[in-house]
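Notes for the one structure printed next.
In the text below, chain A, chain B and the rest are named by the order of the sequence lines, each starting its count at 1.
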2 protein chains.
Amino acid sequence: MAISFTEENYLKVIHRLSEATSEDISTNAVAELMQTKAASVTDMLRKLAEKGWVNYQKYQGVRLSPAGEKIALSIVRKHRLWEVFLVDKMGFNWDEVHEIAEQLEHIESDDLVNKLDEYLGFPKTDPHGDPIPNKEGVLPELAYSHLSEIKANKTCKLMGVAQDSAVFLQLLTKLHLSLGAKLDIKEINEFDRSIFVSINDAEPIFISHEVAKNILVKILA
Amino acid sequence: MAISFTEENYLKVIHRLSEATSEDISTNAVAELMQTKAASVTDMLRKLAEKGWVNYQKYQGVRLSPAGEKIALSIVRKHRLWEVFLVDKMGFNWDEVHEIAEQLEHIESDDLVNKLDEYLGFPKTDPHGDPIPNKEGVLPELAYSHLSEIKANKTCKLMGVAQDSAVFLQLLTKLHLSLGAKLDIKEINEFDRSIFVSINDAEPIFISHEVAKNILVKILA
DNA sequence: AATATTTTTTAGATTAACCTAAAAATTTAA
DNA sequence: TTAAATTTTTAGGTTAATCTAAAAAATATT
């Protein structure tokens with residue numbers, strides 16, 4: 001069935017919200033991420049339900065149907081593969097690729113997506129550490145922790161970020177925090193939960209709790 | 001000023017029609033290429049004129065303004081660069097790339113286009129031999145002849161095609177006619193202007209006038 | 001439990017891009 | 001040079017996606 005860019009974006013947003021909770025997604029939550037009004041969302045949810053991509057009962061919130069989930073995952077797959085392309089092949093920085101990938105994710109050609117996947121060497125994650133669904137829509141489950149939850153004196157590896165905003169990513173870059181970096185938690189300050197951390201064995205630096213919350217790591221030791 | 005995909009497609013079509021003639025372009029000609037009705041075209045031409053991208057007086061036909069020409073050339077540039085990418089990097093055949101490039105040509109990022117250009121080695125032509133405008137919108141002028149106009153006993157090189165349809169390109173592939181092939185015109189048949197031509201010194205084959213009309217060549221000797 | 005607040009939906013408009021049918025202008029032909 | 005044919009435009013509608021304002025339902029508070 002034909003699908004518009006707008007419909008794809010709604011499914012993507014509902015998918016994103018669903019990852020964070022097992023509850024039904026509220027109209028307002030969708031409206032906020034779609035940068036539109038609740039009334040517009042109501043209209044669209046009815047339409048998506050008619051097409052069989054979401055389960056929606058008025059006043060009850062919405063969730064993706066299996067068909068809708070499949071579409072959402074294919075968009076996520078395309079978005080993340082294009083991000084890898086933009087960084088690895090085009091030489092963009094990780095904070096520059098989101099908007100372009102938002103456009104590229106709507107290009108329709110299964111053949112192209114799979115060729116791109118192969119060309120990039122079947123990457124498992126995008127430049128922000130987010131997992132890339134495979135051809136069948138299966139998301140590799142990467143159980144990472146938030147840096148803010150790690151105990152002092154632990155060593156871990158920076159595997160991803162919980163936020164793609166350019167300002168956040170640019171801050172990480174300024175702090176020399178990039179994917180794969182080795183992080184030694186030297187000290188956690190009780191006052192505001194800020195931490196001192198050594199990046200790749202360099203002099204420890206100071207990181208706010210807010211930043212640490214958005215950094216995903218794998219514990220090494 | 002903001003521009004929609006549809007507006008971009010209209011400008012592209014007007015540009016294409018303008019290349020073939022110095023006359024103003026008729027509403028019907030645009031309608032046919034846009035696969036829409038003349039009434040819709042009239043509406044759009046008025047809008048494009050308001051935005052300053054075309055010069056249009058009712059009943060007088062349309063032509064691109066310098067601003068419109070600039071936009072059209074940037075779309076052509078993107079379309080052709082993406083075609084090179086699809087063939088050279090993704091491994092598509094030349095008859096498979098048009099539809100995908102029709103989508104990719106609307107991706108908006110000057111930065112990406114210029115990085116892509118560099119990544120591809122600043123190609124001068126696309127996989128069909130069509131010239132690629134440079135960053136400034138300047139089209140390298142490639143003065144090619146139609147194979148149908150070449151005299152017997154001449155040698156030439158296949159530089160491009162005058163048509164991108166998949167059926168035509170697939171036929172060329174079956175006949176072993178690909179970009180760069182050396183063509184020796186052995187004989188032109190008076191009956192229907194079909195020709196016998198040897199491709200890369202192989203046994204001469206028979207080619208219809210209709211095919212020859214759509215093949216662009218550079219005369220070697 | 002009744003009321004107040006918040007959330008969501010409905011009702012009615014708007015805009016872009018399209019359509020059909022009819023009218024007007026232009027071009028072609030007798 | 002008038003009439004016929006064609007092309008183009010106008011007039012009036014449709015659909016998708018949005019909006020505002022008001023009504024209805026759900027949730028929270030006293």
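We find that CD of A:Gln57 is positioned 15 Å from P of C:dT8, with the value rounded to whole Å. Rounded to whole Å, atom P of D:dA16 lies 14 Å from atom OH of A:Tyr10. Between the C1' atom of C:dC18 and the CG atom of B:Asn9 lies a distance of 14 Å, rounded to the nearest Å. Note: OH (A:Tyr59) to C1' (D:dT27) measures 13 Å, nearest angstrom. Between the CG atom of A:Asp43 and the C1' atom of C:dT8 there is a distance of 12 Å, given to the nearest Å. What separates CD of A:Gln60 from P of D:dA26 is a distance of 7 Å, to the nearest Å.
Between B:His209 and B:Asn189, the side chains place no donor N or O within less than 3.5 Å of an acceptor N or O (distance only, hydrogens not considered).
Pairing each heavy atom of A:Ser148 with each of A:Lys213, the nearest pair is OG-CA, 3.4 Å.
OP1 and OP2 of C:dT9 both lie 4.0 Å or more from every side-chain N or O belonging to A:Arg46. Within the structure, every side-chain polar atom (N or O) of B:Ser40 is placed at least 4.0 Å from both OP1 and OP2 of C:dC18. Contact annotation: B:Lys58 side-chain N/O to D:dT10 OP1/OP2 distance is under 4.0 Å.
Put simply, the side chain of B:Ile100 reaches to within 4.5 Å of the side chain of B:Phe92, judged on heavy atoms. Contact check for B:Leu216 versus B:Ser145: no side-chain heavy atoms found under the 4.5 Å cut-off.
Proximity of residues 19-39 of chain B to DNA chain C (heavy atom under 4.0 angstrom from any strand atom) is restricted to B:Thr36, B:Lys37, B:Ala39.
The backbone N or O of A:Asn55 sits nowhere less than 3.5 Å from a side-chain atom of A:Arg63 that would complete a donor-acceptor pair.
A cation-pi contact links A:Lys89 to A:Tyr119, judged by a cut-off of 6.0 Å to the six-membered ring centre and 45° from its axis.
Under the side chain to side chain donor-acceptor pair (under 3.5 Å) test applied with B:Glu105, the options B:Arg77, B:Lys78, B:Arg80, B:Lys12 reduce to a single match, B:Lys12.
Nearest-nucleotide positions on DNA chain D place B:Leu45 closer to the 5' end than the other of A:Phe5 and B:Leu45.
Looking at heavy-atom distances under 4.0 Å, B:Tyr56 makes contact with sugar-phosphate atoms alone, never a base.
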